[in-house]
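Report on the structure given below.
Chain identifiers are assigned alphabetically (A, B, ...) following the order of the sequence lines, protein sequences preceding nucleic acid strands; residue numbering begins at 1 within each chain.
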2 protein chains.
Amino acid sequence: MSEQTAARTDAEVPARPVQRRSGRQRAAVAALLDSEPAFTSAQDLYARLREQGNPIGLATVYRALQALVEDGDVDVLRTGDDGEAVYRRCSTGHHHHLVCRRCGRAVEVEGSAVEAWAQKTAAAHGFTDVDHVVEIFGTCADCTAAR
Amino acid sequence: MSEQTAARTDAEVPARPVQRRSGRQRAAVAALLDSEPAFTSAQDLYARLREQGNPIGLATVYRALQALVEDGDVDVLRTGDDGEAVYRRCSTGHHHHLVCRRCGRAVEVEGSAVEAWAQKTAAAHGFTDVDHVVEIFGTCADCTAAR
DNA sequence: ATTCTTGCAAACCCTTTGCAAGCTA
DNA sequence: TAGCTTGCAAAGGGTTTGCAAGAAT
């Protein structure tokens, strides 16, 4: 993992109360994501699930991720190099990420100062329905040390 | 165009002095981009060039864009929905964008406050080699009025 | 002449979709 | 039983690459 780009929408999607059956595989994807601190790609999750003995289908992984994102349980980002989407279990409120470009590990952060700045800047140019994407990339302490 | 995501790298790429021949088609792409205030996709540029009577090849458009980005003359963003890349002629210094999610028109903006915040936040978590992606999306004045 | 540029078509990759079979409630 | 979930394979869409032909220096 290296350069990435944000894809999170700030607009609060009112998680429509879709009726969702348990689904063994879907649960497996959710569980793996729960224990993963880094942003991970669908392909990666797919490979890992199979490695750990779960013969899941790639389409199922994508469908599970789709559902999780829809429910607001997971955040999505896009890698800057190839546009691949990466997912991560996240808290529901509005927040941004501090992501390690080396291992993908991420920390949720918030910055009211940025929110205000974005709002003000947009307004100054006559823009409405303002929304923003903010992601910080760097090398985490562990990766810095391991190098 | 609608939701998008940033892909700009803050790391200053020391535009390697690549020897580049003029190239009629490459120039055409650069020219079109020069007169375009909005972030535009490769496919879109390709279509427009052909429409205006320039039988360019799609691969050439991509190669031209690649070169322009490499030289730091063009900025890239990724649409949030489909991960399509969009390009725009930009100034060389570090800056961010205020993009209209309706028409794609963009304004270059800068915010030292954000730069400082990003740096401070990253440092607080032990991250090094900090870099960040910040893009503001909204509906520009014109589009707001036209609606 | 040499070297870079352009086009076309094929190749790639990630992601989505159709459809039949398997589960869940 | 009815309806969602899963898999496989095929389709899609954007982007890249191989290779031969066409410019530029």
Side-chain angles (χ1 to χ4, degrees), chain A residues 1-5 7 16-33 39-50 52-71 74 76-87 104, chain B residues 1-5 7 16-33 39-50 52-71 74 76-87 104:
Chain A
M1 186 172 291
S2 63
E3 204 53 38
Q4 302 186 338
T5 68
R16 71 170 157 141
V18 191
Q19 148 188 24
R20 226 151 232 158
R21 247 170 229 182
S22 50
R24 184 169 42 78
Q25 301 303 49
R26 179 163 303 175
V29 173
L32 180 50
L33 226 32
F39 272 94
T40 317
S41 72
Q43 306 277 348
D44 195 0
L45 291 169
Y46 168 67
R48 282 205 247 166
L49 284 167
R50 306 210 73 155
Q52 70 179 46
N54 189 336
I56 194 175
L58 182 56
T60 303
V61 174
Y62 277 104
R63 282 190 280 237
L65 290 171
Q66 229 169 243
L68 289 167
V69 170
E70 221 167 73
D71 293 352
V74 166
V76 193
L77 249 59
R78 290 233 178 217
T79 63
D81 359 273
D82 53 11
E84 186 181 34
V86 286
Y87 308 79
Chain B
M1 187 173 288
S2 66
E3 203 55 39
Q4 302 186 340
T5 67
R16 73 172 157 137
V18 192
Q19 149 188 22
R20 226 151 233 159
R21 250 172 227 181
S22 49
R24 183 170 40 80
Q25 300 303 47
R26 180 164 302 175
V29 173
L32 181 50
L33 226 32
F39 272 95
T40 317
S41 71
Q43 306 278 347
D44 195 359
L45 292 168
Y46 168 67
R48 282 205 246 167
L49 284 167
R50 307 210 71 156
Q52 69 179 49
N54 189 336
I56 194 175
L58 182 56
T60 303
V61 174
Y62 276 106
R63 282 190 278 238
L65 290 171
Q66 228 169 243
L68 288 167
V69 170
E70 221 167 74
D71 292 352
V74 165
V76 193
L77 249 60
R78 291 235 178 216
T79 61
D81 1 88
D82 54 10
E84 186 182 34
V86 285
Y87 308 79

Worksheet item: Where along residues 25-33 of chain A does a heavy atom come under 4.0 Å from DNA chain D, residue by residue in number order?
Response: A:Q25, A:R26

Worksheet item: To the nearest angstrom, how far is B:L77 atom CG from D:dT15 atom P?
Response: 13 Å

Item to complete: Please work out if A:L58 contacts a base, only the sugar-phosphate, or nothing of the nucleic acid, heavy-atom cut-off 4.0 Å.
Response: base

Practice prompt. May I ask you to evaluate whether A:Y62 reaches the phosphate of C:dT16, defined as a side-chain N or O under 4.0 Å from OP1 or OP2?
Written response: no

Worksheet item: Within this structure, what is the CZ-to-C1' distance between A:R78 and C:dC14, rounded to whole angstrom?
Response: 9 Å

Fill in: Euclidean distance, A:Y46 OH relative to A:N54 CG, rounded to 0.5 Å
10.5 Å

Worksheet item: From the list C:dT6, D:dT15, C:dT15, which nucleotide is the closest neighbour of the side chain of B:E84?
Response: D:dT15

Worksheet item: Between atom CG of B:L77 and atom OG1 of B:T40, what is the distance when rounded to the nearest 0.5 Å?
Response: 11.5 Å

Discussion item. Any carboxylate oxygen within less than 4.0 angstrom of a Lys/Arg side-chain nitrogen, looking at B:E70 and B:R20?
Written reply: yes

Worksheet entry | Atom-to-atom span, CG of A:L68 to P of C:dT15 - whole angstrom | 15 Å

Worksheet entry | Gap between atom OG1 of A:T79 and atom CZ of A:F39 - 0.5 Å precision | 12.0 Å

Pairwise N/O distances under 3.5 Å, protein to nucleotides 22-25 of chain C:
from: C:dT24; atom 1: O3'; to: A:S22; atom 2: OG; distance (Å): 3.4
from: C:dT24; atom 1: O2; to: A:R21; atom 2: NH1; distance (Å): 2.9
from: C:dA25; atom 1: OP1; to: A:S22; atom 2: OG; distance (Å): 3.4

Practice prompt. Take atom OH of B:Y46 and atom C1' of D:dG13, then tell me their distance rounded to the nearest Å.
Written response: 14 Å

Worksheet, complete the sentence: Nearest heavy-atom approach of B:Y87 to B:L33 is O-CD1, 4.1 Å

Practice prompt. For A:Q66, answer base if it contacts any base atom (sugar-phosphate contacts may also be present), sugar-phosphate if it contacts only those atoms, and nothing otherwise; contact means non-hydrogen atoms under 4.0 Å.
Written response: sugar-phosphate

Worksheet, complete the sentence: Of C:dG7, C:dT17, D:dG14, the nucleotide closest to the side chain of B:T60 is C:dG7

Worksheet item: Counting side-chain heavy atoms from CB outward, which of D:dT15, D:dC8, C:dT6 is closest to A:R63?
Response: D:dC8

Discussion item. Just verifying a value: how many Å separate A:T60 OG1 and A:Q25 CD, rounded to the nearest 0.5 Å?
Written reply: 6.5 Å

Item to complete: Rounded off to whole Å, could you give me the OH-to-C1' distance for the A:Y87 and C:dC14 pair?
Response: 9 Å

Discussion item. I want to confirm an ordering. Mapping B:A42 and A:R50 to their closest nucleotides on DNA chain D, which one lands closer to the 5' end?
Written reply: A:R50

Practice prompt. Starting at CG of A:L68, measure out to CZ of A:R63 and round the result to the nearest 0.5 Å.
Written response: 14.0 Å

Worksheet item: So which heavy atom on B:V61 is nearest to which on B:V29, and how close?
Response: CA-CG2, 4.3 Å

Practice prompt. Please confirm whether the backbone N or O of A:G83 pairs with a side-chain atom of A:R78, one donor and one acceptor, at under 3.5 Å?
Written response: yes

